[in-house]
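What follows is one structure encoded as structure tokens, with my remarks underneath.
For the numbers below, each heavy atom of this structure counts, side chains included, while hydrogens, waters and symmetry mates do not. Proteins get letters first, then strands, A, B, ... in listed order; numbering begins at 1 in each.
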Protein chains: 2
Amino acid sequence: MARALFQNIYRDIQSGIERGLYSYQSMLLSESELCARYGCSRSTVRRALSELALNGYVQPIQGKGVRIIWRPQTDDRGAPDNLESFAERARHQGFESTVYVRSFERITVDERLSQATGFSPGTPIFVINRVKSADGIPVSIETSHLLATEAPALTPRDVEGSLYAYLESQGVAITTGKRTITIEAPNDDDQMIFGIDGPQAVGVIRGHFFDSQGIMFEYSEIRQKPDFFTIHETCTRTMMPHGTAPVSSRH
Amino acid sequence: MARALFQNIYRDIQSGIERGLYSYQSMLLSESELCARYGCSRSTVRRALSELALNGYVQPIQGKGVRIIWRPQTDDRGAPDNLESFAERARHQGFESTVYVRSFERITVDERLSQATGFSPGTPIFVINRVKSADGIPVSIETSHLLATEAPALTPRDVEGSLYAYLESQGVAITTGKRTITIEAPNDDDQMIFGIDGPQAVGVIRGHFFDSQGIMFEYSEIRQKPDFFTIHETCTRTMMPHGTAPVSSRH
DNA sequence: GAGTGGTCTAGACCACATG
DNA sequence: ATGTGGTCTAGACCACTCC
């Protein structure tokens with residue numbers, strides 16, 4: 001089992017919901033009942049509940065109780081793990097995924113690349129271009145810019161599987177990611193790989209990823225075939241208002 | 001000021017980061033220092049910090065401290081409020097937004113619509129179709145299915161502005177949203193409104209929204225012109241392992 | 001009034017990082 | 001050894017809902 005107590009409680013309630021033990025729109029046990037059930041303090045129960053709320057499983061209502069807002073039809077496979085890798089995602093959807101490494105080089109960030117990636121000029125990085133296929137059909141083209149110091153011994157062979165799996169095996173834990181999703185016209189690469197009769201647009205996900213030390217170790221650009229482009233999101237309105245702060249934007 | 005103490009602390013630290021008082025990659029004051037500074041207990045400070053981490057401002061590192069991972073260039077307008085409306089979003093980006101109501105009707109959910117929307121058959125709903133423009137250019141077509149009991153007196157005029165603003169004025173608070181984002185071929189409506197020479201694909205966001213009572217009150221489908229389709233996401237790997245099941249984000 | 005969730009406190013012990 | 005964040009407790013008070 002997971003180490004922390006609140007994690008066990010989370011898992012227990014989560015599986016209860018997904019298994020239909022608690023049904024959509026019904027009320028969960030109250031916090032005090034859960035305390036009794038798990039033999040722990042209220043804070044611990046609340047910690048579990050707040051994560052469940054964050055992931056769209058439940059919604060607490062003051063003075064009333066905690067309502068289940070998850071249902072199997074709509075939320076099929078539960079809350080998405082926002083940072084799951086391509087391989088994980090493909091596996092979840094029942095596809096056989098393969099990876100082809102198109103290029104693999106080690107370079108130093110120059111001024112121009114610095115702008116695009118967010119790495120400081122002079123930083124040594126790996127630039128890796130890969131095509132990922134599901135059941136033999138190319139579905140995404142991924143260019144990763146990877147901090148060289150994070151995986152000094154990286155070889156092309158290492159990235160034939162899951163890059164993240166390799167990194168985690170090296171003790172690198174991906175902790176935070178910031179992504180931007182857009183729709184763009186296909187470029188030459190896209191047309192060549194996805195096919196000329198293929199899509200008239202591609203989904204592009206650009207992301208900055210941080211490790212457990214708060215160091216940005218990857219900038220990646222994923223160009224994805226539309227039919228295989230799906231993103232699930234759960235959002236909660238937090239208690240943080242944001243109207244007052246002045247806003248700047250570039251778009 | 002906001003009511004809760006942790007909110008004030010959040011805002012204070014947030015603005016400190018956005019104002020450059022704390023710089024990218026530097027360490028924040030330690031939790032105990034923050035306790036002293038704000039004259040409160042550690043839990044309260046931690047509550048604020050955990051929300052900051054969730055929104056990609058900060059990353060705590062055990063045994064070391066809390067590192068700032070936000071920078072103005074990349075994260076321009078701060079953490080997205082994940083549930084902000086079109087009007088808010090457009091305003092944030094400096095566009096003049098307008099809304100044109102194409103159709104407005106009140107119907108009862110049938111079996112087929114129930115599948116698509118998630119409302120139970122027999123439920124009375126409003127179906128509202130609107131085109132939203134930024135600086136006069138149509139950028140999105142939005143079809144909302146709205147629980148009639150949630151806003152019994154709704155008129156076409158009410159939805160000429162922000163639907164959410166109206167709902168909030170009626171005491172309805174949008175609390176949780178579950179969205180799916182895909183890229184699809186334009187349909188006839190899209191081609192007519194966005195123009196034939198326009199995009200070869202549109203971004204589609206389908207969402208289920210819940211109010212503060214945990215009642216699903218809206219199903220919406222937003223079809224968006226690619227050039228105006230941008231989504232920002234911040235994800236954090238929570239402590240919830242997911243061998244069997246998944247985990248969180250948030251924004 | 002009784003029960004619910006929302007906020008907060010003061011203190012404890014642990015795991016981890018750094019000297 | 002000291003300081004840091006991670007987890008947890010026991011208890012308090014508040015705001016809200018429902019009877």
Would you say dT4(D) has OP1 or OP2 under 4.0 Å from some side-chain N or O of S30(B)? yes
Looking at K64(B), I'd like to know whether one of its side-chain N or O atoms comes within less than 4.0 Å of OP1 or OP2 on dG5(D). no
Would you say S41(B) places a side-chain N or O within less than 4.0 Å of OP1 or OP2 belonging to dA10(C)? no
Could you walk me through whether H145(B) and T117(B) pass the side-chain hydrogen bond (donor to acceptor under 3.5 Å, both in side chains) test, one step at a time? CA-CA 8 Å; H145(B) 300 71; T117(B) 63; over 6 Å; no
Y38(A) atom OH is separated from dA10(D) atom P, nearest whole Å, by 18 Å
Separation of dA2(C) atom C1' from E33(A) atom CD, nearest Å, is 14 Å
| So, is S32(B) near the phosphate of dT4(D), with a side-chain N or O under 4.0 Å from OP1 or OP2? | yes
F6(B) CZ to dT9(C) P, in whole Å, measures 12 Å
* Short side-chain to backbone donor-acceptor contact, N55(B) and Y57(B), under 3.5 Å -> no
Notebook entry, point to check: So, is T44(B) close to the dT7(C) phosphate, meaning a side-chain N or O under 4.0 Å from OP1 or OP2?
Noted result: no
L34(A) atom CG is separated from dG3(C) atom P, nearest whole Å, by 17 Å
CG (D12(B)) and OH (Y38(B)) are apart, to the nearest 0.5 Å, by 3.5 Å
Nearest-nucleotide check on DNA chain D, Q213(B) vs Q62(B); residue mapping nearer the 5' end is Q62(B)
Quick one: sort the F104(B) and F126(B) rings into parallel, tilted or perpendicular, breaks at 30° and 60°.
-> tilted
Between CG of L29(A) and C1' of dG3(C) the distance, given in whole Å, is 14 Å
Of dG6(C), dG6(D), dT9(D), the nucleotide closest to the side chain of R46(B) is dG6(D)
By nearest-nucleotide position on DNA chain D, the 5'-leaning member of I61(B) and V45(A) is I61(B)
Q) Any donor-acceptor pair under 3.5 Å between the side chain of R47(B) and the base of dG6(C)? A) no
Between L163(A) and L146(A), does a side-chain contact (heavy atoms from CB on, under 4.5 Å) hold up when you go through it step by step? CA-CA 10 Å; L163(A) 177 55; L146(A) 196 66; 4.1 Å; yes
When rounded to whole Å, the CD to P distance for the pair E31(A) and dT7(C) reads 11 Å
Per atom distances to the R42(A) side chain, the nearest of dA10(C), dA15(C), dA12(D) is dA12(D)
Between OH of Y10(B) and C1' of dT7(C) the distance, given in whole Å, is 18 Å
Atom CG of L5(B) and atom P of dC14(D) are separated, to the nearest Å, by 16 Å
